[in-house]
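Computed over heavy atoms, backbone and side chain alike; hydrogens, waters and symmetry mates excluded.
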Amino acid sequence: MAVNDVAVNDKAPAMETAAEPAPAPAPTPDKADEPFIIKRILPIDGPIKYGEWHWNDENVPDGPIVVTVDLDARVLSVFRNGYEIGATAVLLGTEEKPTPLGVFPITQKKRDHVSNIYTGAPMPYMQRLTDDGITLHGSKVELGYASHGCIGMPEPFAARLFKTTSLGDKVYITRGKQIGMGDKLTGT
């Protein structure tokens, strides 16, 4: 089930009259186009190890959810309204089947998904990013295995992320992009 939001205007254009044209309305900023500013980074001592995860959404105001994945650091972070609320070490693809770079909306979510590409491999808390099978999903990350391009995370963390995200939320996959307090996440 993919989400494709398409706006269609099927009304014919209005007829112009001889009266003076009305002034154009002042543009209003679109929340989706506003830069996403980092307001808090979770205080985590040292590098995150496989199987380790952190989550703290206490007193964090409601707002847009943005997920980041740094391929070099092998870390996934979750932000709500600019506040980091979760972070974990993740499994990624290999050179032969790499995890792609870019910005991907979550297009499908399925709690108990089983891969139809990789011989029935369980992919709990699956969240689809691409049409060719790249997803976020729960995995036994403490074993340190690689994936076929998917982003594997500890299952308890994947469950929290699954409950937190909605279809259309963006996942930014970068290579080595360092972010800090006050930085713009989206680069706009």
Working for side-chain contact (heavy atoms from CB on, under 4.5 Å), residues T99 and I173: CA-CA 8 Å; T99 302; I173 303 176; 4.2 Å; yes

Candidate pair V75 and V69, rule side-chain contact (heavy atoms from CB on, under 4.5 Å), full reasoning: CA-CA 6 Å; V75 170; V69 179; over 6 Å; no

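Under a 3.5 Å cut-off, the side chain of E84 and the backbone N or O of L42 do form a donor-acceptor pair. Under a 3.5 Å cut-off, the side chain of K109 and the backbone N or O of F162 do form a donor-acceptor pair. Remark: the backbone N or O of H54 is not paired with any side-chain donor or acceptor of T88 at under 3.5 angstrom. A donor-acceptor pair under 3.5 Å is absent between the side-chain atoms of K140 and the main chain of G51, judged by distance alone. Side-chain atoms of R80 come within 3.5 Å of backbone atoms of V60 as a donor-acceptor pair (strictly under, hydrogens ignored). A donor-acceptor pair under 3.5 Å is absent between the side-chain atoms of K110 and the main chain of Y125, judged by distance alone. A distance-only check finds a donor-acceptor pair linking the side chain of D70 to the backbone of G176 [under 3.5 Å]. With hydrogens and angles disregarded, no donor-acceptor distance shorter than 3.5 Å links the side chain of T107 to the backbone of L129.
Residues G168 and P105 share a closest heavy-atom pair of O-CB, 4.0 Å. What you find for C150 and G133 is that their closest heavy atoms are SG-O, 3.5 Å. Between N81 and P61, the closest heavy-atom pair is ND2-CG, 3.4 Å.
Annotation: side chain of L71 is in contact with side chain of L101 (closest heavy-atom distance under 4.5 Å). The shortest distance between side-chain heavy atoms of P100 and I134 falls below 4.5 Å. Between Q127 and T135, the closest side-chain pair of non-hydrogen atoms is not below 4.5 Å. Side-chain contact between L136 and L161: present, with at least one pair of heavy atoms (C-beta onward) separated by less than 4.5 Å. No side-chain heavy atom of R40 sits less than 4.5 Å from a side-chain heavy atom of F79.
Cation-pi geometry between K170 and F104 is not met: the NZ or CZ atom fails to fall both under 6.0 Å from the ring centre and inside 45° of the normal.
Atom CG of D57 sits about 6.5 Å away from atom OG1 of T164, to the nearest 0.5 Å. In this structure, the separation between CZ on R128 and CG on L167 is 11.5 Å, given to the nearest 0.5 Å. The NE2 atom of H137 lies 9.0 Å from the CD1 atom of I151; values are rounded to the nearest 0.5 Å. Distance CD1/I48 to OG/S77: 6.5 Å, rounded to 0.5 Å.
Considering T165, V66, V67 as possible partners of V171, the one that fulfils the side-chain contact (heavy atoms from CB on, under 4.5 Å) test is V67.
At a cut-off of 3.5 Å, with distance as the only test, a side-chain donor of R74 or Y50 sits close to an acceptor on the other residue.
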